[in-house]
Amino acid sequence: MSEERPSHVVIQGILPKEAPGIRREFSDWAKDHENNIQVSLFIRALQKFYDIPYTETLSYFQVAGIHGYPGNLKWDGAVAPPHDRDARHYIYCTHNHFNFPTWHRPYMVLFEETLWKLMGEVIEKDLEFHDDADKKLWLEERNKWRLPYWDWALNSAQGKVPDLFVPYNIKIRQPVGKGGSQQESENVPNPLARFQVKENGVPIKMGKLPKKYRVDSVPLGDGSYLPWADCSGTSRWGIKPHTKPDEWTEGVNKTEMIAPAINNHEWYFSPDRRKPEDRKKREEAIFKHPVGDLLHRLFKIDNWEDFSSTRVNQAPSDIDWEKWVSLEYVHNNLHGFIGGDGVEGIGHMQNVPSAAFDPIFYMHHCNIDRITAMWQTLHEGVWFENDVLAERELYPFRGPKLDGEIDYFTSNDVRDWTRFGYQYEILELRDGETEVGRKRRINEFIDKSYFSTSHVLLKDEGHLFHDGSDIESFAARNDFEDYIIDVIYDRQVIPLTFYALNGDPYMVHFFLGAPVPQPESNGVTAKITFKSPKHVGMVYNFSTPWLGNGNNTESAMSDVESDGEEPEPESDQPTCGNCVSQQAENILSNAMIPLTIPLYNAAADKDIEGLENIHPDQVRDFLANELTWVAVSTNGTIIPWERLPKTKVFVLKGKAKHYTENSKLSSYKEYDALGHITHNKPAGASHADYGQYA
């Protein structure tokens, strides 16, 4: 007699009878939320999701735990991912891999489908309907609903977090009352503000859960900790230095810090630069690389490997410098922008093991999926170069494969997102529209929606290109100079001591001008004082510590007091096997920071000496004198470059073609080394390093 196959969670999506449902931009979807049936269903269903006991497979706690901690939990009976087989841990997420976008696709579908099913319970069990037509309307709205995405790069939003994520209580719609009139909106706790794990209805610190479900604090290489064990609720920028856990245990948000971080890294300035009277000047002086500019460049990449992942893909002999921007790199930075900087405060989105506990994670990753689908549409037919990688299982997600069998998905199985019952409005093929027409329309949307280098140069408010002709004629006749920083980096930090660990999350910041380190008030640790007004970009490694020292009790990051004592080392703390294997194989990552916008604004600023235009003869010397970089841990401590010996910073000059037509995105090519800018500087590429890529 054959053994009966065990039952598992089968991910199918919300399968419509006709066309796929539309995933909409969050702020647009949430308009008039007090009267919005879909918003009411979403809020109620998300709260039900939270209320499912953490011991259940389809609880919010366990679904979030797929991405990271608790890490001791075999989700839905799935085997450990290949990189964790020896470690016997279950941190499933795949960062720095070419299947980074495809692994997160069924993850978002699981979240979406689970909420949709819970919406059905809300309608059938929780709400009281007095009118059949009203109930039918709610059922129709439920079937139309799809998970909304948060487009953090939109010009119109300026990185602002959608309003619905902010308040701890909100008003939502109720069904029609007995007399046929609309009832007043119901005031309810807002589950989008934070997730709280509870036991018997009472918040419980995640470090106090039974061992199988316990969420550990994350130990860092300098002996400090990220204090997730002390949290019962999620925070955004809310866990501040020199504070006690009872001030943030249940979850605190400083949402106002997120938009400045996304929009122009305003948070990286000293407190005096946040004065209201300085705000207008600061907003006008754009020494930044906007997220939108990264998207512009990202959509021009023409192969899957460079598009999808920070993983170094190119051999030295066939390097394309302009391809060092990737979807995962943009994604990583957003986790830092949303979570916190370690000085003003930290939050769960900042760290891989804790990120998916914050509900904003899913709207962020829904946007990552949308960008992936847009890129797939613009680059139709382009896919994994390696068929073996495309057929690698996406643990722990199971569902109907292309042949109909229920098993673990592969990237090939999830290549077509519409098979899961959803589509993005921008990608719908309109009546009478050709494929060429759709691609032109998508390009127009990208160009109109996202700020880019071309917008600055073609507007030419600094009159740097004025030669007696209009800018349209100038652009048609000429290529523009383009400058970029390319970075190769190790996702792991060499530990300070044997007791410490590798894998610390950290950021590399770039400046025009040098930031000034100063000692803390206790005179011990050097930290950045954020005095440079010319912060031009950053790289966030978004890594997971991989050599755990057993932080299985309550603990805290440096400068944050704890209710518990410093933990004794144990051997069973969950570790990231993916990070372990990549370290063993010497797998590196890469990223790009566009420099042209900061250079243009510096040249147009008459108060800045040494740069009157962006011609190479002036830019070379200016950058040699002014370009600086520093590595900073997520608690704000400066990391010595000897702890990041594999990091290499390159500076390059290339050619760009910018178009006045919205349907044409800028193209970039022919980058040459500017080696003297980085040679003999800490972590700077030497002339020999550039020569490897000649």
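Keep in mind that the numbers below use all heavy atoms, side chains included, and drop hydrogens, waters and symmetry copies.
For Trp304 (side chain) and Phe98 (main-chain N/O), a donor-acceptor pair under 3.5 Å exists by modelled atom type. Of the possible polar contacts, one joining the Thr234 side chain to the Phe195 backbone as a donor-acceptor pair under 3.5 Å is found. Within the 3.5 Å criterion, the main-chain N or O of Val487 finds no donor-acceptor partner in the side chain of Asn590. Remark: the backbone N or O of Tyr362 is not paired with any side-chain donor or acceptor of Asn367 at under 3.5 angstrom. Side chain of Asn190 to main chain of Pro167: a donor-acceptor pair is present (N/O by atom type, distance under 3.5 Å, no hydrogens or angles).
In summary, the side chains of Asn99 and Thr102 do not present any donor paired with an acceptor at a separation below 3.5 Å, with no hydrogens or angles considered. Counted by atom type alone, Ser40 and Arg44 present one or more donor-acceptor pairs between their side chains at under 3.5 Å. Side-chain contact check for His104 and His331: no donor-acceptor pair (N or O, by modelled atom type) lies under 3.5 Å. Side-chain polar atoms of Trp152 and His364 form a donor-acceptor pair below 3.5 angstrom. Using modelled atom types and a 3.5 Å distance limit, the side chains of Trp237 and Asn253 yield no donor-acceptor pair. With no hydrogens or angles considered, no side-chain donor-acceptor pair links Asp230 and Thr249 at under 3.5 Å.
A salt bridge between Asp407 and Arg398 is absent, with no side-chain N of the basic residue lying under 4.0 Å from a carboxylate O of the acidic one.
Applying the ring-ring contact (aromatic ring centres under 6.0 Å, His included) criterion to Tyr506, with sequence neighbours excluded, gives no partner residue. For Arg146, there are no side chain to side chain donor-acceptor pair (under 3.5 Å) partners at least two apart in sequence or on another chain. Residues passing the salt bridge (Lys or Arg N to Asp or Glu O under 4.0 Å) test with Lys74, sequence neighbours excluded: none. Annotation: ring-ring contact (aromatic ring centres under 6.0 Å, His included) contacts of Phe49 (sequence neighbours excluded): Tyr60, Phe111. Taking Tyr213 as the reference, Tyr54 meet the ring-ring contact (aromatic ring centres under 6.0 Å, His included) condition, with sequence neighbours excluded. Take Asp51 and apply the salt bridge (Lys or Arg N to Asp or Glu O under 4.0 Å) test, not counting sequence neighbours, and it matches no residue. Annotation: salt bridge (Lys or Arg N to Asp or Glu O under 4.0 Å) contacts of Lys144 (sequence neighbours excluded): Glu141. For Tyr424, the ring-ring contact (aromatic ring centres under 6.0 Å, His included) criterion is met by Tyr149, Tyr422, not counting sequence neighbours. Contacts of Lys300 classified as side chain to side chain donor-acceptor pair (under 3.5 Å), with partners at least two apart in sequence or in another chain: none.
Ring centroids of Tyr329 and Trp324 are separated by 6.0 Å or more, keeping the two rings apart. Between Phe542 and His95, the ring centre distance stays below 6.0 Å. Ring pair Phe397/Tyr408: centre-to-centre distance not below 6.0 Å. Aromatic rings from His379 and Phe307 are positioned such that their centres are separated by 6.0 Å or more. If you look at Phe26 and Phe165, their ring centroids are closer than 6.0 Å.
Using a 4.5 Å heavy-atom threshold, the side chains of Asn333 and Val291 count as separate. In this structure, the side chains of Ile37 and Glu140 stay at 4.5 Å or more apart for every pair of heavy atoms. For the pair Val79/Tyr395, a side-chain contact is recorded, criterion being any heavy-atom separation below 4.5 Å from C-beta on. In this structure, the side chains of Val352 and Ser543 stay at 4.5 Å or more apart for every pair of heavy atoms.
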Tell me, with the steps shown, if Phe357 and Trp228 meet ring-ring contact (aromatic ring centres under 6.0 Å, His included).
CA-CA 11 Å; Phe357 288 115; Trp228 311 140; 9.4 Å; no
Any chance you could lay out the side-chain contact (heavy atoms from CB on, under 4.5 Å) test for Lys212 and Leu73, step after step, and finish with the verdict?
CA-CA 6 Å; Lys212 184 178 180 180; Leu73 197 60; 3.3 Å; yes
Checking Thr310 against Asn96 for the side chain to side chain donor-acceptor pair (under 3.5 Å) test, could you report, in this order, the C-alpha distance in whole Å, the side-chain angles of both residues, the deciding distance, and whether it holds?
CA-CA 5 Å; Thr310 52; Asn96 212 41; 2.6 Å; yes
Test salt bridge (charged side-chain N to carboxylate O under 4.0 Å, His left out) applied to Asp358 and Arg236, step by step
CA-CA 8 Å; Asp358 188 335; Arg236 300 166 196 147; 2.8 Å; yes
Pair Trp375-Leu327, side-chain contact (heavy atoms from CB on, under 4.5 Å): steps then yes or no:
CA-CA 10 Å; Trp375 185 90; Leu327 178 69; over 6 Å; no
Give the intermediate values and the outcome of ring-ring contact (aromatic ring centres under 6.0 Å, His included) for residues His67 and Phe361.
CA-CA 11 Å; His67 193 265; Phe361 172 93; 4.9 Å; yes
Evaluate side chain to side chain donor-acceptor pair (under 3.5 Å) for Gln423 paired with Trp417, printing each intermediate quantity in order.
CA-CA 7 Å; Gln423 178 61 290; Trp417 59 95; 2.8 Å; yes
side-chain contact (heavy atoms from CB on, under 4.5 Å), that's the test. Do Leu378 and Ile446 meet it? Break it down for me.
CA-CA 11 Å; Leu378 290 173; Ile446 294 167; 4.0 Å; yes
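Taking each heavy atom of Gly71 and Ile91 in turn, the nearest pair found is CA-CG1, 4.1 Å. Considering every non-hydrogen atom in both Ala193 and Val166, the closest pair reads CB-O, 4.2 Å. Nearest heavy atoms, Phe409 versus Arg419: CE2-NH1, 4.0 Å. Residues Pro203 and Ser232 come closest through the heavy atom pair CB-OG, 3.8 Å. Taking each heavy atom of Val10 and Gly399 in turn, the nearest pair found is CG1-CA, 4.0 Å. Considering every non-hydrogen atom in both Ile11 and Pro400, the closest pair reads O-CD, 3.4 Å.
Relative ring orientation between His335 and His365 is described as tilted, the plane-to-plane angle lying within the 30° to 60° band.
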Name the atoms and distances for all side-chain donor-acceptor pairs under 3.5 Å in residues 115-124, with sequence neighbours left out.
unit_1, atom_1, unit_2, atom_2, d
Trp116, NE1, Arg142, O, 3.2
Lys117, NZ, Glu113, OE2, 3.4
Glu124, OE1, Lys135, NZ, 3.1

Under 3.5 Å, side-chain donor or acceptor atoms of residues 380-388 against the rest of the protein: list the pairs with distances, not counting sequence neighbours.
unit_1, atom_1, unit_2, atom_2, d
Trp383, NE1, Asn412, OD1, 2.8
Asn386, OD1, Val388, N, 2.8
Asn386, OD1, Leu389, N, 3.3

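Sorted by first and then second residue, the salt bridge (charged side-chain N to carboxylate O under 4.0 Å, His left out) pairs involving residues 363-372 (not counting sequence neighbours) are Arg23-Asp369, Arg105-Asp369, Asp151-Arg370.
The side chain to side chain donor-acceptor pair (under 3.5 Å) with Glu328 is formed by just one residue from the set Ser309, Ser589, Ser308; it is Ser309.
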